[in-house]
Amino acid sequence: MTSTVLFDEPGPRARRRIRVATVLGVLAVIALAVLAVRQFAANGQLDQARWQPYGTWPMWRYLLTGLWSTALAAVVSAALSMALGLVLALGRLSPRRWVRGPAASYVEVVRTVPALLLVYVVLFALPRYGLDLPLFWKLVVPLTLSNAAAFAEIFRAGVLSVERGQTEAGLAIGLTRWRTMRLIVLPQAARRVLPSIVSQSVGLLKDTSLGYVVSYGELLYSGRVLANYNGLLIQTYIVVALVYLAVNLSLSKLARTLEARQRRSSAGLASPGRSSARA
């Protein structure tokens with residue numbers, strides 16, 4: 001089986017330009033970091049007394065409480081988004097137009113709407129009609145509605161990537177179309193899109209920072225409250241940024257590991273076919 005690509009392989013000159021651009025970009029980032037550190041030092045922001053509070057447990061306990069709230073909102077939003085996204089994906093793949101049309105409309109419309117706008121709708125519009133959600137759900141509901149469209153496209157791409165022969169084989173042995181989808185197609189599709197699911201979950205985790213709009217005590221909101229309390233604005237937000245960086249890099253590493261494992265598994269399944277073809 002030959003592999004297809006969406007772009008041409010870059011030639012020697014293009015690769016050289018890419019390397020030069022990468023080096024220049026890295027040097028620019030390093031220069032900006034050095035300039036920022038010098039400015040912080042010149043204004044006394046690097047003094048030990050300003051960083052010493054973040055070596056105490058009460059500070060970290062407060063920030064870790066915010067991180068727990070962030071993780072809880074992210075996990076619940078991800079679970080609901082995946083469930084709704086799977087329903088939307090199956091709706092878009094339905095042979096019935098009255099099912100396929102609304103599902104496609106939802107995905108196409110919601111993908112163009114910023115998550116922040118959905119937060120404002122839940123925060124300001126719904127209470128006017130008597131629907132005032134608890135604080136936690138004022139963040140989770142808009143994140144679920146927004147990310148469900150992205151997960152729907154991920155699941156749909158996974159289903160379409162499964163060979164049509166799998167569906168035909170299920171129907172040939174007497175399974176209904178729904179049971180074929182549930183028992184044969186969806187498990188294979190889920191394995192194939194697992195790295196994309198993890199990557200989308202990273203974006204969802206970052207979207208939980210919108211909790212400051214509804215005063216939900218996630219990590220960024222906790223950092224803002226802490227900075228207002230102790231007056232250490234720069235130090236607090238640097239620590240919060242480092243916590244976000246550590247969590248997101250860990251999840252991104254997990255996504256790359258899953259993707260690499262999936263490629264190795266696909267290569268292992270494909271190699272017997274190549275060997276038999278040569279024989």
Side-chain angles (χ1 to χ4, degrees), residues 62-94 96-156 196-231 233 236-237 240-241 243-244 247-248 251:
Y62 183 77
L63 290 177
L64 290 176
T65 301
L67 179 60
W68 165 251
S69 299
T70 294
L72 180 62
V75 169
V76 174
S77 300
L80 295 176
S81 299
M82 290 181 198
L84 180 57
L86 181 59
V87 172
L88 291 170
L90 295 177
R92 293 202 66 178
L93 295 170
S94 174
R96 297 177 176 85
R97 183 177 299 177
W98 62 272
V99 175
R100 187 172 64 250
S105 299
Y106 178 92
V107 171
E108 296 300 327
V109 170
V110 173
R111 288 178 66 191
T112 63
V113 176
L116 180 59
L117 181 59
L118 295 178
V119 172
Y120 282 135
V121 169
V122 173
L123 181 61
F124 297 116
L126 293 186
R128 294 186 177 182
Y129 297 95
L131 186 57
D132 192 7
L133 300 176
L135 197 60
F136 177 76
W137 295 104
K138 286 181 179 178
L139 176 62
V140 169
V141 168
L143 291 184
T144 298
L145 297 177
S146 177
N147 286 273
F151 280 116
E153 290 300 275
I154 292 174
F155 286 128
R156 187 169 74 98
S196 299
I197 291 175
V198 176
S199 297
Q200 181 62 30
S201 299
V202 173
L204 192 154
L205 179 66
K206 291 185 288 186
D207 286 344
T208 57
S209 60
L210 295 175
Y212 78 91
V213 178
V214 298
S215 299
Y216 174 69
E218 43 80 39
L219 180 59
L220 184 60
Y221 182 81
S222 299
R224 186 175 69 172
V225 172
L226 188 59
N228 291 334
Y229 173 75
N230 58 24
L233 180 66
T236 301
Y237 280 117
V240 169
V243 173
Y244 270 117
V247 174
N248 289 331
L251 292 175

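Reckoned from all heavy atoms, side chains included, excluding hydrogens, waters and symmetry mates.
- Counting heavy atoms from C-beta on, the side chains of Y221 and S69 never come closer than 4.5 Å.
- Contact detail for G217 and S222: the closest heavy-atom pair is O-OG, 3.5 Å.
- A distance of 10.5 Å separates CG in N147 from CG in L84, rounded to the nearest 0.5 Å.
- Looking only at side-chain heavy atoms (C-beta outward), T65 and W68 stay at 4.5 Å or farther from each other.
- Nearest heavy-atom pair across A89 and R156 is CB-N, 3.8 Å.
- Taking CG from L210 and CG from L123, the interatomic distance works out to 11.5 Å, rounded to the nearest 0.5 Å.
- Here the side chain of S215 pairs no donor or acceptor atom with the backbone of G211 at under 3.5 angstrom.
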Exercise. Could you please spell out the steps behind the side chain to side chain contact (heavy atoms under 4.5 Å, CB included) verdict for V76 and L72?
Key: CA-CA 6 Å; V76 174; L72 180 62; 4.2 Å; yes

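- Counting all heavy atoms, side chain and backbone alike, S77 lies closest to L143 at OG-CB, 3.8 Å.
- A distance of 9.5 Å separates CG of L117 from OG1 of T112, quoted to the nearest 0.5 Å.
- Between V109 and R111, the closest side-chain pair of non-hydrogen atoms is not below 4.5 Å.
- The side-chain heavy atoms of S201 and M82, taken from C-beta on, include a pair separated by under 4.5 Å.
- The shortest heavy-atom contact between T70 and L219 is OG1-N, 2.8 Å.
- To the nearest 0.5 Å, atom CG of residue L90 and atom CZ of residue R100 are 13.5 Å apart.
- A donor-acceptor contact shorter than 3.5 Å is absent between the side chain of T208 and the backbone of A74.
- Looking at heavy atoms from C-beta onward, Q200 lies in side-chain contact with I154 at the 4.5 angstrom threshold.
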Exercise. Walk me through it: do L86 and F151 pass the test side chain to side chain contact (heavy atoms under 4.5 Å, CB included)?
Key: CA-CA 7 Å; L86 181 59; F151 280 116; over 6 Å; no

Quiz item: Between E108 and R92, is a side chain to side chain contact (heavy atoms under 4.5 Å, CB included) present by the stated rule, with each step listed?
Solution: CA-CA 11 Å; E108 296 300 327; R92 293 202 66 178; 3.5 Å; yes

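- Residues T144 and S81 approach most closely at CA-OG, 3.2 Å, considering heavy atoms.
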Quiz item: Does the side chain to side chain contact (heavy atoms under 4.5 Å, CB included) test come out yes or no for D132 and L126, once each step is laid out?
Solution: CA-CA 6 Å; D132 192 7; L126 293 186; over 6 Å; no

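- The closest side-chain heavy-atom distance from F155 to I197 is below 4.5 Å.
- Contact of the V247 side chain with the L67 side chain is registered, since non-hydrogen atoms from C-beta on lie closer than 4.5 Å.
- Nearest heavy atom pair, residue V122 against residue P127, reads O-CD, 3.5 Å.
- Side chains of F136 and Y216 form a contact here, defined as non-hydrogen atoms less than 4.5 Å apart.
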